[in-house]
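First the structure, in the form of structure tokens, and then the observations on it.
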Amino acid sequence: MAHSIQLQHVDGSFVAKPYTPNIGATLYGLDLSQSLSDLGQSELKAALARYEVIFFRDQVLTPAQQAAFTRSFGQVNEVKAFFPRVESQPEIGIVESTPKRPAANNNGHSDITWQGPTHR
């Protein structure tokens, strides 16, 4: 049986509830529209390392907040292929299915994770 764990950090606390017995967790108690402390970022990375996939429910983020949160994990690259981009945040590609492209979000590696890390 999967059990929740409580992780404490300076900004409060969050709960990691395992999604399956083997991989993944849903994190509760975080407002991703707010900046995390260094300790909070460290614990978030520890949760990702432990569960390998993490989910955040019911978050409302502007494109700028989404890009800022993503930078907690490292450099964010501008999207250069596949999908249209958010004009104000070229790092964000719009991956969605529409009536004209009903299966667009089923494209493999639509998030460019197949590319190696870039170093500047």
Side-chain angles (χ1 to χ4, degrees):
M1 180 175 186
H3 298 282
S4 297
I5 63 167
Q6 186 83 17
L7 300 170
Q8 299 289 332
H9 59 83
V10 173
D11 300 322
S13 66
F14 60 89
V15 174
K17 182 178 179 186
Y19 194 73
T20 73
N22 299 317
I23 190 171
T26 302
L27 302 187
Y28 297 95
L30 285 172
D31 179 355
L32 302 182
S33 69
Q34 303 299 312
S35 297
L36 292 172
S37 67
D38 290 343
L39 180 58
Q41 288 182 20
S42 176
E43 291 187 347
L44 186 63
K45 290 175 186 176
L48 179 59
R50 177 175 179 170
Y51 295 104
E52 300 180 19
V53 177
I54 50 178
F55 303 96
F56 304 95
R57 303 281 186 214
D58 303 319
Q59 298 288 325
V60 178
L61 302 173
T62 66
Q65 290 168 329
Q66 181 179 352
F69 171 71
T70 304
R71 286 186 189 93
S72 299
F73 297 97
Q75 178 182 329
V76 180
N77 297 322
E78 182 177 326
V79 178
K80 297 187 185 208
F82 303 115
F83 294 97
R85 293 177 270 181
V86 173
E87 192 171 317
S88 63
Q89 293 294 146
E91 309 97 325
I92 300 174
I94 302 169
V95 181
E96 67 180 348
S97 293
T98 64
K100 290 183 180 182
R101 298 179 63 190
N105 65 354
N106 290 330
N107 290 330
H109 298 294
S110 59
D111 61 1
I112 70 169
T113 58
W114 55 272
Q115 292 182 340
T118 58
H119 301 286
R120 292 185 183 191

Residues forming a side chain to side chain donor-acceptor pair (under 3.5 Å) with Thr70, sequence neighbours excluded: none

side-chain contact (heavy atoms from CB on, under 4.5 Å) partners of Ala64, counting only residues at least two apart: Thr62, Gln89

Partner residues of Phe56 under the side-chain contact (heavy atoms from CB on, under 4.5 Å) criterion, sequence neighbours left out: Leu27, Leu30, Leu32, Leu44, Ile54, Gln59, Phe69

Separation of Gln34 CD from Leu61 CG (nearest 0.5 Å): 10.0 Å

What are the two closest non-hydrogen atoms of [X] and [Y], and how far apart are they?
X	Y	result
Leu36	Gln41	O-NE2, 3.5 Å
Ser33	Val60	CB-O, 4.0 Å
Gly29	Phe14	C-CB, 4.3 Å

Pairs satisfying salt bridge (Lys or Arg N to Asp or Glu O under 4.0 Å), at least one member in residues 63-73, at least two apart: Arg71-Glu91

